[in-house]
Amino acid sequence: RHGPNRRCNSADYLAAMEPLALALNNLTRWLQDSGRRLAVVFEGRDTAGKGGVIAAIAATLNPRQCHVVALPRPSEREQTQWYFQRYVPHLPAAGEITLFDRSWYNRAGVERVMGYCTEAQSIAFLQQAPVFEQLLVDDGLLLLKYWLTVDQAEQEQRFAERLHDPLKRWKLSPIDLQARDNYAAYGHARDAM
């Protein structure tokens, strides 16, 4: 967008995206040549565009090198494991990129706000996450984290679009609908993170 509520046309968008796609491809070649690993965490409010951003990044990259991870709700077995354990197998190997569509930060966001974890589990997460991430970085992993947001009015408009578009309705879950009533609580959880 260029300015408030103005969209660029397709030609301008493609022209702006081309050098970025080339830069991403150069990055993947550098990762392969150097053996480095890159993990990118995308968090944010529902309807903020995480999936679209991830799709735009992954679209021009080799799928053997760039992996998108969007984990489902944890199984009963996973709920008994060390919290970070389910994410570790998805971390990139040498020369790879992993794009996380939500991540371990679910514990401090969705799980905390929706009551899927205890307050003690959330506090423990907030203490452990920086240590976990420091271990990853100390091991040579390049870790980038992004938070995407929309204001409450835009979120409501996007929820309505999804509800009325049969091709987007799959994006709505009961949790998304409950999240509408917790807009402020999600903001407080984000600030705590």
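Keep in mind that this is a model prediction, so the values were computed, not measured. Count residues from 1 along the sequence.
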In the single-linkage hydrophobic clustering (I, L, V, M, F, W, Y; side-chain heavy atoms under 4.5 Å), do [X] and [Y] co-cluster?
X    : Y    : answer
L144 : V53  : yes
L91  : I54  : no
V40  : L148 : yes
F100 : W147 : yes
L38  : L136 : no

Nearest atoms (heavy-atom pairs only) where [X] meets [Y]:
X    : Y    : result
I97  : L31  : CG1-CD1, 3.3 Å
A189 : G109 : CB-CA, 4.4 Å
D46  : Q155 : O-NE2, 3.0 Å
P19  : A16  : CD-O, 3.5 Å
L126 : A108 : CD2-CB, 3.8 Å
W82  : V88  : CZ3-CG2, 4.2 Å

Would the distance check show the side chain of [X] and the main-chain N or O of [Y] forming a donor-acceptor pair, the cut-off being under 3.5 Å?
X    : Y    : answer
D139 : L141 : no
Q121 : R107 : no
D151 : E154 : yes
R36  : G140 : yes
T80  : R77  : yes
N25  : T60  : yes
Y83  : W104 : yes
T98  : H90  : yes

Nearest 0.5 angstrom please: [X] [atom1] to [Y] [atom2], how far?
X    : Y    : atom1 : atom2 : result
I123 : Q128 : CD1   : CD    : 12.0 Å
L24  : C66  : CG    : SG    : 8.5 Å
M193 : R112 : CE    : CZ    : 9.0 Å
D12  : L14  : CG    : CG    : 9.0 Å
S103 : R86  : OG    : CZ    : 11.0 Å
L27  : L22  : CG    : CG    : 12.5 Å

Please lay out, stage by stage, how V137 and F132 fare under the test side chain to side chain contact (heavy atoms under 4.5 Å, CB included). CA-CA 9 Å; V137 171; F132 172 69; over 6 Å; no
Does a salt bridge link E96 with R64, judged by any charged N lying under 4.0 Å from a carboxylate O? no
key: Salt-bridge present (R73, E78; N to O < 4.0 Å)   =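 Not counted as a salt bridge, because no side-chain N and carboxylate O are separated by less than 4.0 Å.
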Checklist entry - What's the verdict on side chain to side chain contact (heavy atoms under 4.5 Å, CB included) for D191 and Y186, showing C-alpha distance, side-chain angles and the deciding distance? => result CA-CA 9 Å; D191 294 345; Y186 275 103; over 6 Å; no
### Message
If you count heavy atoms of other groups shown closer than 6.0 angstrom to CD of Q32, is the number above 12?
### Response
yes
Measure the shortest side-chain to side-chain distance between [X] and [Y] over non-hydrogen atoms and say whether it is less than 4.5 angstrom.
X    : Y    : answer
T28  : N62  : no
V69  : L99  : no
L142 : R37  : no
M114 : N182 : yes

Check the pair V41 / Y87 against side chain to side chain contact (heavy atoms under 4.5 Å, CB included), numbers first and verdict last. CA-CA 11 Å; V41 170; Y87 297 98; over 6 Å; no
For F125 and Y105, take the angle between the two ring planes, folded into 0 to 90°, and tell me which bin it lands in: parallel under 30, tilted 30 to 60, perpendicular over 60.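 Taking Y105 first and then F125, their aromatic rings stand perpendicular (interplane angle over 60°).
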Check your understanding: side chain to side chain contact (heavy atoms under 4.5 Å, CB included) between Q134 and D138: does it pass, once the steps are laid out?
Key -> CA-CA 6 Å; Q134 189 62 56; D138 288 349; 2.7 Å; yes
Go through it in stages, so that I can follow the logic: the residues are E43 and R102, the test is salt bridge (Lys or Arg N to Asp or Glu O under 4.0 Å), and I'd like the CA-CA distance, side-chain angles, deciding distance and then a yes or no. CA-CA 5 Å; E43 292 289 344; R102 295 206 184 267; 3.7 Å; yes
Please check if any side-chain donor atom of Y146 sits under 3.5 Å from a side-chain acceptor atom of K50, or the reverse.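 On atom types as modelled, these side chains do not qualify, holding no pair under 3.5 Å.
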